[in-house]
Peer 1: 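Before we start, here is the structure in question, set down as structure tokens.
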Amino acid sequence: MPDVYAIHDGLPLWLELNTTNSNSVRLSPTQISWHTAHSHVGGLSFILVKHLGSGTLFLFAGHRARLLASEGIGSGSDFEGSGFGDLFGAISGIVRGHYREVIGDSGQ
């Protein structure tokens, strides 16, 4: 299971925390499997990677865990930046969009 379970605006999500000194990101086969299976049933998870050299934060949707493990942070993140405020803004937009797709747009 990922490191953090959170509820944002009443919507659940999981967050895996990771660090790297290079482009590569180490994810275990179990972590990759969990994120992949969770996304296949409509769940939402993320992998947050902090590059220790630059301090940059990279956010990846969990369904991309296998790609992230094989290609590293260069595989294209859903968010890249240094501020937690911007990070939470990005997560908020992704969470709302995901659940809008999963449960439908109620017009709100």
Peer 1: When the ring planes of W34 and W14 are compared, do they come out parallel, tilted or perpendicular, using 30° and 60° as the limits?
Peer 2: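 Correct class here is perpendicular.
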Peer 1: Any side-chain heavy-atom pair from I91 and D78 closer than 4.5 angstrom?
Peer 2: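 Not touching, per the 4.5 Å side-chain cut-off.
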Peer 1: Do you know which two heavy atoms are closest between R64 and S75, and how far apart they sit?
Peer 2: NH2-O, 3.2 Å
Peer 1: Does L27 belong to the same Ile/Leu/Val/Met/Phe/Trp/Tyr cluster as L59, with side-chain heavy atoms less than 4.5 Å apart forming each link?
Peer 2: no
Peer 1: Can I73 be reached from L67 by stepping across I, L, V, M, F, W or Y side chains whose heavy atoms are under 4.5 Å apart?
Peer 2: no
Peer 1: Between F46 and V95, what is the shortest heavy-atom contact and its length?
Peer 2: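 Looking at all heavy atoms of both residues, the shortest contact is CE1-CG2, 4.2 Å.
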Peer 1: When you group the ILVMFWY residues by side-chain heavy-atom contacts below 4.5 Å and let the links chain together, are F88 and L13 in the same group?
Peer 2: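 Yes, because L13 and F88 connect within a single hydrophobic cluster, where side-chain heavy atoms sit under 4.5 Å apart.
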Peer 1: For the residue pair R26 and N18, what are the closest heavy atoms and their distance?
Peer 2: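 So the minimum-distance heavy-atom pair works out to O-ND2, 2.9 Å.
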Peer 1: Hydrophobic clustering (ILVMFWY, side-chain heavy atoms < 4.5 Å, transitive) - are L17 and L87 grouped together?
Peer 2: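 In one cluster with L87: L17, yes.
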Peer 1: For the residue pair F60 and S77, what are the closest heavy atoms and their distance?
Peer 2: CE2-CA, 3.5 Å
Peer 1: List the atom of N23, the atom of E71, and the distance in Å for their closest heavy-atom pair.
Peer 2: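 That would be ND2-O, 3.1 Å.
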Peer 1: Can you find a heavy atom in the side chain of P2 that is under 4.5 Å from one in the side chain of H35?
Peer 2: yes
Peer 1: Can you tell me how far apart OG (S33) and NE2 (H38) are? Round to the nearest 0.5 Å.
Peer 2: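 If we round to the nearest 0.5 Å, S33:OG and H38:NE2 are 12.5 Å apart.
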Peer 1: Could you go through the side-chain hydrogen bond (donor to acceptor under 3.5 Å, both in side chains) check for T56 and H51 one step at a time?
Peer 2: CA-CA 5 Å; T56 303; H51 190 279; over 6 Å; no
Peer 1: What pair of heavy atoms forms the shortest contact from I32 to A65, and how long is it?
Peer 2: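 In this case the closest contact between I32 and A65 is CA-CB, 4.1 Å.
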Peer 1: Quick check: is V49 connected to L15 through a chain of hydrophobic side chains (ILVMFWY, heavy atoms under 4.5 Å apart)?
Peer 2: no
Peer 1: So, do V4 and L48 sit near enough that their side-chain heavy atoms are less than 4.5 Å apart?
Peer 2: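 Result no, sub-4.5 Å side-chain heavy-atom pair not found.
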Peer 1: Identify, with sequence neighbours excluded, every residue that meets side-chain hydrogen bond (donor to acceptor under 3.5 Å, both in side chains) alongside R96.
Peer 2: D9, S92
Peer 1: Do F84 and L57 touch side chain to side chain, with heavy atoms closer than 4.5 Å?
Peer 2: yes
Peer 1: Compare all side-chain heavy atoms of I47 with those of Q31 and state whether any distance is below 4.5 angstrom.
Peer 2: no
